[in-house]
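None of these values were measured; they are calculated from a predicted model.
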Amino acid sequence: MPETKETSLSLLHQRGVVASDMATELHETIFMAKQERHKNLFLNYKNLNIFPVELLKDEGLQFLERLYMKRNSLTTLPDNLAQKLPNLIELYLHSNNIAIIPEAIGNLARLQSLDLSNNALQLLCPEIGRLRSLRHLRLSNNQLKYLPPEIGYLQELETLDVSMNQLMGLPDRLHRCLSLQNLTVDHNLLSHVPRQLCWLHRLSQLSMAANRLTFLPLDLGRSRELQFVFVDNNVNLKGLPSYLYNKVIGCSGCGMSSPVREGDLGEVLGEALSEALVGLPAEVKVVGSETDNVVPLEELAMRALHRIHHHRPTDLNLLPPITLPKSLLDLLQFPLGHCHRCSQAMFTIVYPKLFPLRDTALAGVHRRTTVSFVAYCCSSHCLRSFNLQG
């Protein structure tokens, strides 16, 4: 039946009444929170297009600690949010239309949990790094193409979820988030992850499913704290470092582009290693063979410098410490990997040894044979004597 003029007017009137009722309810909720000095305020599903001015009037809600504003239509946040709500500990803004976070977000000195999932963020302002008390940051399902390096200043951060974005890389400084325990970067465009990720010694769960990964850092999984790794649906990921043996609990859909044949191992590992050695000179991107009996001089020199730099005796009257260029110090601080047999640090050369998944106890768990575990050793001697089963 066609809608009459009277029907349209009636619908408009009803909508107006509903909107008026919601506005009244919102006003009463905020008024009550101010009067009774509430610490928690729930403003979910309120059809809000702008941040409620009542929250920012006068002294605001100085005592408020948790603000829930999920499932609204907010597009931004006020610049004076921290001034009016200085004691916020948790801020939940899941499922809005927020495209910009003001720089003033960095003034929320006590904030421990920030949820901006399912919004329209394209950029994350560097001031996010000023939230030094932040423990949980959720940014999933946005349009982020990169994360600011200042995120490395969040040394109390325990949870970081940036899944379902457009990230092509992770900031190198992420390793400074020393408290990070759970990192989720599913459904992005990552082709590799920083070697420095291995230095997150408290990381217990890592999920990188549905990316474009071709390799993982050689030391990933060396920390005993790392328990669970998900790498499902990375079709070009053919090899996993053997340190991840028994830690990878999801790799279905990996190595799907073409099965690895034994004869292709050198080529596959050579390509992966070239990616892993980003930042090192081209002449040191080397994969050793089992027939090599002598480690290259450059590698021996780097290992000697590493021992001096990290294990210098303190009780001897030695000459002044060796002064090294920053680029070389960075390499010494973040080795390419550590030998799976003897834990010797490696810098310019590795010796790979393949353990196809079908030959391991995990074959029945993953139900795939296209992925292999790869051990990386420091010499042909360690290569021959290393066994994945210990």
Side-chain angles (χ1 to χ4, degrees), residues 65-69 76-77 79 81-83 85-94 96 98-119 121-186 188 190 192-208 217 220 223 225-229 330 333-334:
E65 294 183 353
R66 297 171 183 83
L67 177 58
Y68 300 82
M69 302 185 74
T76 187
L77 299 175
D79 288 331
L81 181 64
Q83 178 184 352
L85 307 176
N87 290 305
L88 272 186
I89 294 176
E90 301 176 9
L91 178 58
Y92 299 96
L93 297 162
H94 185 288
N96 279 276
I98 298 174
I100 298 176
I101 296 295
E103 296 177 357
I105 191 76
N107 295 328
L108 289 168
R110 298 191 61 199
L111 197 65
Q112 297 181 17
S113 185
L114 176 61
D115 188 349
L116 286 162
S117 303
N118 199 21
N119 276 278
L121 290 174
Q122 296 186 19
L123 293 173
L124 191 63
C125 61
E127 285 71 20
I128 199 78
R130 293 169 52 200
L131 299 175
R132 302 302 171 86
S133 299
L134 199 63
R135 296 171 58 190
H136 307 286
L137 178 59
R138 295 178 173 87
L139 301 166
S140 64
N141 200 15
N142 278 280
Q143 302 169 32
L144 296 170
K145 294 183 178 179
Y146 71 94
L147 298 176
E150 287 78 7
I151 205 165
Y153 294 139
L154 304 178
Q155 297 196 6
E156 299 298 322
L157 193 65
E158 298 175 4
T159 303
L160 177 60
D161 184 354
V162 290
S163 57
M164 291 183 285
N165 278 280
Q166 301 170 28
L167 299 174
M168 300 184 69
L170 295 174
D172 291 342
R173 295 186 193 176
L174 189 61
H175 76 277
R176 298 182 182 178
C177 298
L178 300 178
S179 300
L180 196 60
Q181 299 175 18
N182 297 288
L183 175 60
T184 305
V185 290
D186 299 340
N188 278 280
L190 302 180
H192 68 281
V193 292
R195 285 159 44 196
Q196 291 90 330
L197 203 66
C198 302
W199 281 58
L200 293 173
H201 295 308
R202 295 188 182 179
L203 191 66
S204 62
Q205 181 167 310
L206 174 62
S207 188
M208 300 178 289
L220 192 61
S223 167
E225 291 298 320
L226 187 61
Q227 296 295 316
F228 306 108
V229 178
D330 289 341
Q333 185 178 5
F334 301 108

Main-chain N/O of Pro102 paired with Asp79 side-chain donor or acceptor, under 3.5 Å
no

Determine whether Thr159 and Arg138 make a side-chain contact, defined as any pair of heavy atoms from C-beta on separated by less than 4.5 Å.
yes

Mind listing the closest non-hydrogen atom pair of Met208 and Leu220 along with its distance?
CE-CD2, 4.3 Å

Verify side chain to side chain donor-acceptor pair (under 3.5 Å) between Asp161 and Ser163, making sure each step is shown before the conclusion.
CA-CA 6 Å; Asp161 184 354; Ser163 57; 2.8 Å; yes

What I'd like to find out is whether the side chain of Pro148 reaches to under 4.5 Å of the side chain of Ile128, using heavy atoms alone.
yes

Spell out, as yes or no, whether a donor-acceptor pair under 3.5 Å connects the side chain of Asn165 to the backbone of Leu167.
no

Over all heavy atoms of both residues, which pair between Pro171 and Leu147 is shortest? Give the atoms and the distance, please.
CD-CB, 4.0 Å

Within the distance-only criterion (no hydrogens, no angle test), does the side chain of Ser204 pair as donor or acceptor with the backbone N or O of Gln181 below 3.5 angstrom?
yes

Closest approach of Gln205 and Asn182, non-hydrogen atoms and distance?
CB-OD1, 3.2 Å

Between Ser140 and Ser117: side-chain donor-acceptor atoms closer than 3.5 Å:
yes

Starting from the C-alpha separation in whole Å, work towards a yes-or-no answer on side-chain contact (heavy atoms from CB on, under 4.5 Å) for Ile151 and Arg173.
CA-CA 7 Å; Ile151 205 165; Arg173 295 186 193 176; over 6 Å; no

Given Ile101, which partner from the list Thr76, Leu114, Leu77 fulfils the side chain to side chain contact (heavy atoms under 4.5 Å, CB included) test?
Leu77

Can Arg135 and Glu158 be counted as an ion pair, charged N to O under 4.0 angstrom?
yes

Closest heavy-atom pair, Gly152 versus Arg176, reported as atoms and distance to 0.1 Å, is O-CB, 3.2 Å

Hydrogens and angles aside, do Ser113 and His136 bring a side-chain donor and acceptor to less than 3.5 Å of each other?
no

State the OG-CG distance between Ser223 and Leu197, to the nearest 0.5 angstrom.
11.0 Å

Donor-acceptor pair, side chain of Asn96 and main chain of Asn119, under 3.5 angstrom
no

Write down the atom of Leu88, the atom of Arg66, and the distance for their closest heavy-atom approach.
CD2-N, 4.1 Å

Would you say the side-chain atoms of Asn107 pair up with the backbone N or O of Ile105, donor to acceptor, closer than 3.5 Å?
no

Find out whether Leu121 and Ile98 are in side-chain contact, i.e. whether some heavy atom of one side chain is under 4.5 Å from a heavy atom of the other.
yes

Tell me whether Asn188 contacts the main-chain N or O of Gln166 through its side chain, where contact means a donor paired with an acceptor under 3.5 Å.
yes

Can you tell me how far the CD1 atom of Ile89 sits from the CD atom of Glu65, to the nearest 0.5 Å?
4.0 Å

How are the rings of Tyr92 and Tyr68 set to each other: parallel, tilted or perpendicular (split at 30° and 60°)?
parallel

Given 3.5 Å as the limit, does a donor-acceptor pair link the side chain of Ser179 with the main chain of Gln155, or not?
yes

